[in-house]
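These notes are about the structure you will find just below.
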Amino acid sequence: MSITDKLKNVDALRRFVKKCKIRYEYMLDADVFCKYYMEESDKREDYEYRMLMFVHNIEKGMCMPNPRPFGKEKVAKLMDMIKACEKEERYVNSSAYKMSISILYQWVLFYKEHGWNDELMKMVDAFLANYGTDMKGMDVGYKIVQKQELTVNGNTAFDEVIKTRRAVRTFSDKKLEPNVVKECVLLAQAAPTACNRQMIKIYQISNRENCDIITDTIYGASGFTRDTVNYFVLTYDVKSLDYYGERNQGYLNAGLVAMNLANALHSRGIGSCFIQWANTASEEREVKKHLGISETEHIAVVLGAGYYADEMYIAKSCRRDMEEIFTSR
Ligand SMILES: Cc1cc2nc3c(=O)[nH]c(=O)nc-3n(C[C@H](O)[C@H](O)[C@H](O)COP(=O)(O)O)c2cc1C
């Protein structure tokens with residue numbers, strides 16, 4: 001037995017070292033958070049997430065039961081951010097930029113409809129004269145929906161998809177079809193995100209060398225068919241997080257998107273298994289560097305995936321009694 005193994009067998013020492021590692025990894029996470037969170041991104045004039053959040057705030061203002069003039073501070077800031085975006089091509093092509101112009105347009109319409117004749121509204125109106133109708137036409141704002149529009153007629157297909165999805169780790173060698181994957185990504189995108197900030201990104205990894213890097217780095221991939229597995233790496237962008245209270249928001253939002261993705265893949269004959277990203281900050285840095293993922297993003301979870309093989313061995317994964325996890329008070 002090596003000296004390290006002998007030391008690991010000393011309970012108190014092992015627990016002490018583990019606690020030190022936990023604190024250390026949390027500290028590294030905090031460093032990334034402090035470096036990139038939303039206000040730091042504002043300082044760099046990187047406004048994408050701030051704009052998405054403001055668009056959402058204004059939409060919510062439009063949904064109030066008895067609306068009163070609202071959103072002035074945000075509207076003024078949005079105009080400044082739109083102008084700042086115009087310094088860089090990549091921002092001008094972004095959805096956030098176009099959505100921001102479009103929400104200003106809707107905000108002016110809303111004010112006019114309510115007869116709120118306001119100085120700022122006139123300024124925004126003049127500001128918008130610089131933009132063509134194509135820039136003002138994103139599907140933002142509010143709409144009134146009738147109950148029957150939100151009523152799903154029969155839920156058998158939904159239940160069937162949810163109940164038949166199982167974690168599989170054996171995949172056929174059929175290549176993932178790009179159009180099918182895109183359909184699934186669109187369904188994953190239908191998942192909600194906090195303030196509609198859409199901070200979750202999905203990376204499909206099918207190149208064998210890249211897949212091997214993940215297989216060799218991630219801790220939970222034993223039992224996966226190494227030669228046929230594809231991966232979907234889900235990240236969250238720290239730039240989207242506004243303050244300390246949101247430090248876990250990325251994981252929650254990634255979970256929502258990931259579940260939609262897994263169910264969508266399953267509905268199209270593609271099996272998957274979540275793999276927790278339990279790696280150290282330095283392992284994460286290496287993998288992200290190799291896959292070309294920005295250092296502002298954290299890997300939240302990974303899905304191993306591929307078309308179903310003809311026969312697979314799966315764990316039964318029995319669920320607890322409902323009473324053990326559900327309380328109604
Ligand atoms: C967040 C998360 C992380 C997981 N990590 C791993 C993993 O590292 N390795 C693995 O083989 N399975 C992993 N799983 C798969 C679970 O063991 C499996 O989903 C669970 O037993 C329930 O079974 P089911 O998916 O067939 O319903 C993970 C699942 C989730 C939701």
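Heavy-atom basis, side chains included; hydrogens, waters and symmetry copies ignored. Atoms within each ligand, like the ligands themselves, are counted from 1 in listed order.
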Is there at least one pair of N or O atoms, one from [X] and one from ligand 1, spaced under 3.5 Å apart?
X      : value
Phe274 : yes
Phe224 : no
Ser222 : no
Gly220 : yes

[atom]: nearest protein contact (heavy atom, Å):
atom                    : value
atom 16 (C) of ligand 1 : Arg169 NH2, 4.1 Å
atom 25 (O) of ligand 1 : Arg165 NH1, 2.9 Å
atom 19 (O) of ligand 1 : Ala167 CB, 3.8 Å
atom 5 (N) of ligand 1  : Gln276 N, 3.0 Å

query: If you draw the axis of the six-membered ring of Tyr49, does the NZ or CZ of Lys239 fall within 45° of it and under 6.0 Å from the ring centre?
result: no

statement: Between the CD1 atom in Ile218 and the CD1 atom in Ile213, the distance rounded to the nearest 0.5 Å is 13.0 Å

task: Check whether any heavy atom of Cys273 sits under 4.0 Å from an atom of ligand 1.
output: yes

Using 30° and 60° as the class boundaries, would you call the ring planes of [X] and [Y] parallel, tilted or perpendicular?
X      : Y      : result
Phe127 : Tyr131 : tilted
His266 : Tyr308 : perpendicular
Phe110 : Tyr142 : perpendicular

- request: Please determine, by modelled atom types, if Tyr36 and Glu297 share a side-chain donor-acceptor pair under 3.5 angstrom.
  value: no

message: Using the rule given for side-chain contact (heavy atoms from CB on, under 4.5 Å), can you reason through Phe171 versus Ile270, listing the C-alpha separation, both sets of side-chain angles and the distance that settles it, and then say yes or no?
response: CA-CA 9 Å; Phe171 310 104; Ile270 300 170; over 6 Å; no

task: Look only at the side chain of Arg166 and the backbone of Ala315, and say whether a donor-acceptor pair between them is shorter than 3.5 Å.
output: yes

field: ligand 1 contact on Ser317 by region, counting heavy-atom pairs under 4.0 Å
entry: side chain

- prompt: Which part of Ala221 is near ligand 1, with near meaning a heavy atom under 4.0 Å away: side chain, backbone, both or neither?
  reply: neither

- line: In ligand 1, the atoms that come under 4.0 Å of a heavy atom of Arg319 are 22 (C), 23 (O), 27 (O)

